[in-house]
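Below is one structure, written out as structure tokens; the observations come after it.
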There are 4 protein chains.
Amino acid sequence: MVTAMRNPSPGISPPPGRTGRPRSAAADAAILAATRDALVELGWSKLTMGDVSARAGVAKTTLYRRWAGKNELVVDAVAELFDALELPDRGSLEADIEYVVLQFAELLRRPEARTALMAVVAESTRDEALRDRIRSAIVDRQKRLVVLGRERAQARGELPYEEDESLTGDTTDLIFDVIAGTVVHRALVSSEPVDGLWVATFTALLMHGLQGGPPA
Amino acid sequence: MVTAMRNPSPGISPPPGRTGRPRSAAADAAILAATRDALVELGWSKLTMGDVSARAGVAKTTLYRRWAGKNELVVDAVAELFDALELPDRGSLEADIEYVVLQFAELLRRPEARTALMAVVAESTRDEALRDRIRSAIVDRQKRLVVLGRERAQARGELPYEEDESLTGDTTDLIFDVIAGTVVHRALVSSEPVDGLWVATFTALLMHGLQGGPPA
Amino acid sequence: MVTAMRNPSPGISPPPGRTGRPRSAAADAAILAATRDALVELGWSKLTMGDVSARAGVAKTTLYRRWAGKNELVVDAVAELFDALELPDRGSLEADIEYVVLQFAELLRRPEARTALMAVVAESTRDEALRDRIRSAIVDRQKRLVVLGRERAQARGELPYEEDESLTGDTTDLIFDVIAGTVVHRALVSSEPVDGLWVATFTALLMHGLQGGPPA
Amino acid sequence: MVTAMRNPSPGISPPPGRTGRPRSAAADAAILAATRDALVELGWSKLTMGDVSARAGVAKTTLYRRWAGKNELVVDAVAELFDALELPDRGSLEADIEYVVLQFAELLRRPEARTALMAVVAESTRDEALRDRIRSAIVDRQKRLVVLGRERAQARGELPYEEDESLTGDTTDLIFDVIAGTVVHRALVSSEPVDGLWVATFTALLMHGLQGGPPA
DNA sequence: GCATAAACGAGACGGTACGTCCAGTCTTGTC
DNA sequence: GACAAGACTGGACGTACCGTCTCGTTTATGC
């Protein structure tokens, strides 16, 4: 199982000054939990900072001392949900892919995950800093799954080793975009179920694509 | 060129009663255009109904008489952007796919399209009616491209005819989700460029996947 | 009994042109009745033109064709309530005064009368035309009661004949203002009951004032 | 000179809790002054909460935090105008009455006073709480003038001492209603000038009435 | 008897204000 | 100096009426 270390202190860090009352560590956890609860109940657009602070039993000031705004707070609040994805060895590349796709689809059934993910992506289209934050907190962290699956498949002989190592990253990115993008689109845009049958079909397509030879 | 008929009367339709002053048709066009302009300048989250009405030279009441809110308005405003996608015959399936992917990527470079699409999808995670609206106004309309490309490929002998006709729809949906989802994810989530090289790689993967034999 | 002719055609009169569909007489009555009903139920400030038109089964246009606005409409609607005041001969000046005071107080207990009277007076402080309309439609019409009561009292020998006829009007006005003003103030500003005991006390004060000799 | 203590905290009082930022005292003064200015310029019906807040340099929220609405705000804003009325000793009851009547008439020439007074009275016909507010903020406070004038007149021997003390309040109320009501009616309803001649006539009537013997 | 022309109902229109809600900041007293 | 509390400015919300307008329809007259 892959467990990544997370920065335990989210959002804005305090200056390294030493005097004064230290920040409450419990507050961070309470705030992030309250944010997830509020996302489930209210969704992104009706979630308010005041509501989160009230749920967390914390003053609004405390929120703004740690996060710049709703976007940043929500990214941090949902990022660790995505870290729960894992990739046990199911014996074959095909099984590994099916497993991770189903796992990802299940995550997207959680309202806080689906609404938060799309909302912050939408916001990030006009906000470079937010885009970076999403990438580092969510996207890049999950590429580990693709890397791991690929290494296993290569060890099993299901996939060839990349000759030109400079392309390794590109291929990883492509596979990641195909899997993540297709599942998100199926689940959230087309609004169709990601069930066993569909996953099998999709995986077959992907397997053929991957094994069809080195990309041009 | 594919030209689809659009529902000429967007949003909320007036009751079929015949009396009273008829609604201004010019207002609809002005409002949708103003919405797109505002999306470009302000983005989704800073776009306000009052601002749109002012740009369109129309009273706020007129907006609310026709659309239930910002979500519905924006869906209609951007839907017709997607109708501009087309699929001229480039001679081969591979070329057709590359063309439509590039075209789609170009559309997603328009700020009004990228921000609006993700925002309404985010909202639709808690709003069944909005989800239906997105599907009928945007998603389903663009599946025509997949259907057309596939028919051409079958005519050219690049793809087999589906034996079980009941699967035709499912395969169309899968291809659509893979193409649209992957491009959206690459462009908006991974924030990487959709350039010629990447398109060729992606297309190669897809071609192998499609030709690898009947799915399932 | 005093019955005054009222202008049967309220508000704005149509030009004396002869062709075209004539205005509905029934509409006028329905509108004024609807206005009074709405005043009772909603009061001045919540009464709306749209509501009146709906109650009267009439289009808003029809209202505006006949009255310039809410103020004018309401003045006309309540004016005739005040015409119902009368002054039967009760045998003495004192009894006549008591009778008319009680009658007036009773009128002011009607919500449409009290709210409409004060509201249009308030509006009239910034609207010369409305002030004139109130005066001609309401105030001046009721001075007849003072004139009649005074003539009777003079005939009975209870009051002297005014030697300087140029003062007759002034004295009428003064008595009118004292009676009407005091009753209105008691009922609507001080919010105290105008009952038999109070009326007797007030009348006694007034009697002494009137009989105390010619005003300086 | 009579100076009455005013409730320093108008409108809605904050809960007696002790935490949080205290309300700005300067805001109250600015708001009431802005309200009076707006009344002069716009009159009652065109005065808006938004306009007042803008003039006072204060957010609309701050207004609504302290006053329930336009009515309550205006009562407080004009109440202190009425507190400026005073009753210096002019040497005789007659002179005292003439003085206060002229003073009151002058107050009613101020547009903010005349329009506000009648408007809130009109509204109060359907609003018990507003009626109480008017009574405590305006009406009852000015009865002090009648009480004072009467005491002086009794000290001078111009008026008898009330034998039945339980009637003292009733007589005060009656005199107050007669004076205030008559002047208001003359000025605002009959729209006639309250000049020296009229005041002398009215005062003579009132003097005779008061000296004519104990009422009832 | 048939054209004329105004009145009529319906309801959309551009505006203005409403009273509420939330964002993000500031000002207290307490820890 | 962090914290809870809550008042602060500012701005958008969605609604309600205003008074005007534009339709199609109705209804007295006068040619």
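Protein chains get the first letters and strands the later ones, always in sequence-line order, with residue 1 at the start of each. All values below were derived from every heavy atom in this structure, side-chain atoms included, with hydrogens, water molecules and symmetry-related copies excluded.
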CZ of A:Arg126 to CZ of A:Arg131, rounded to nearest 0.5 Å, is 10.5 Å
B:Ile12 CD1 to E:dA12 P, in whole Å, measures 11 Å
### Message
Would you say that A:Trp44 contacts A:Val120 through its side chain, given a criterion of any heavy-atom pair below 4.5 Å between the two side chains?
### Response
yes
Are the side chain of D:Arg23 and the backbone of D:Arg66 linked by a donor-acceptor contact shorter than 3.5 Å?
-> no
Pairs under 3.5 Å (N/O, protein and nucleotides 19-23 of chain E):
residue	atom	partner	partner atom	Å
E:dG19	OP2	D:Tyr64	OH	2.4
E:dG19	O5'	D:Tyr64	OH	3.4
E:dG19	N7	D:Lys60	NZ	2.9
E:dG19	O6	D:Lys60	NZ	2.9
E:dA23	OP1	A:Met49	N	3.2
E:dA23	OP2	A:Met49	N	3.1

Could one point to a donor on the side chain of D:Arg21 or the base of E:dC26 with an acceptor on the other under 3.5 Å away? yes
Heavy-atom nearest nucleotide on DNA chain E taken for D:Gly20 and for B:Ser24; more 5' hit belongs to B:Ser24
Exactly one of A:Thr115, A:Leu39, A:Val40, A:Asp37 clears side-chain contact (heavy atoms from CB on, under 4.5 Å) with A:Leu47, and that residue is A:Leu39
Whole-Å distance, C:Glu123 CD to F:dC18 P, equals 13 Å
Determine whether C:Trp67 and C:Leu32 make a side-chain contact, defined as any pair of heavy atoms from C-beta on separated by less than 4.5 Å.
yes
B:Arg65 has its side chain closest, among F:dG10, F:dC8, E:dC13, to E:dC13
Among F:dA2, E:dA10, F:dG30, the one nearest any side-chain atom of B:Thr19 is E:dA10
Between CH2 of C:Trp44 and P of F:dC18 the distance, given in whole Å, is 10 Å
Discussion item. What I want to find out is whether D:Asp51 reaches D:Arg55 closely enough, with some N-O distance under 4.0 Å, to be called a salt bridge.
Written reply: yes
C:Arg23 CZ to F:dT26 C1', in whole Å, measures 16 Å
From CG of C:Leu63 across to C1' of E:dC8 the rounded distance in Å is 13 Å
From the list A:Val58, A:Leu73, A:Val74, A:Leu42, side-chain contact (heavy atoms from CB on, under 4.5 Å) partner of A:Val52 resolves to A:Leu73
From CH2 of D:Trp67 across to P of E:dC18 the rounded distance in Å is 15 Å
Per nearest nucleotide of DNA chain F, the residue lying toward the 5' end, D:Ala25 or A:Val58, is A:Val58
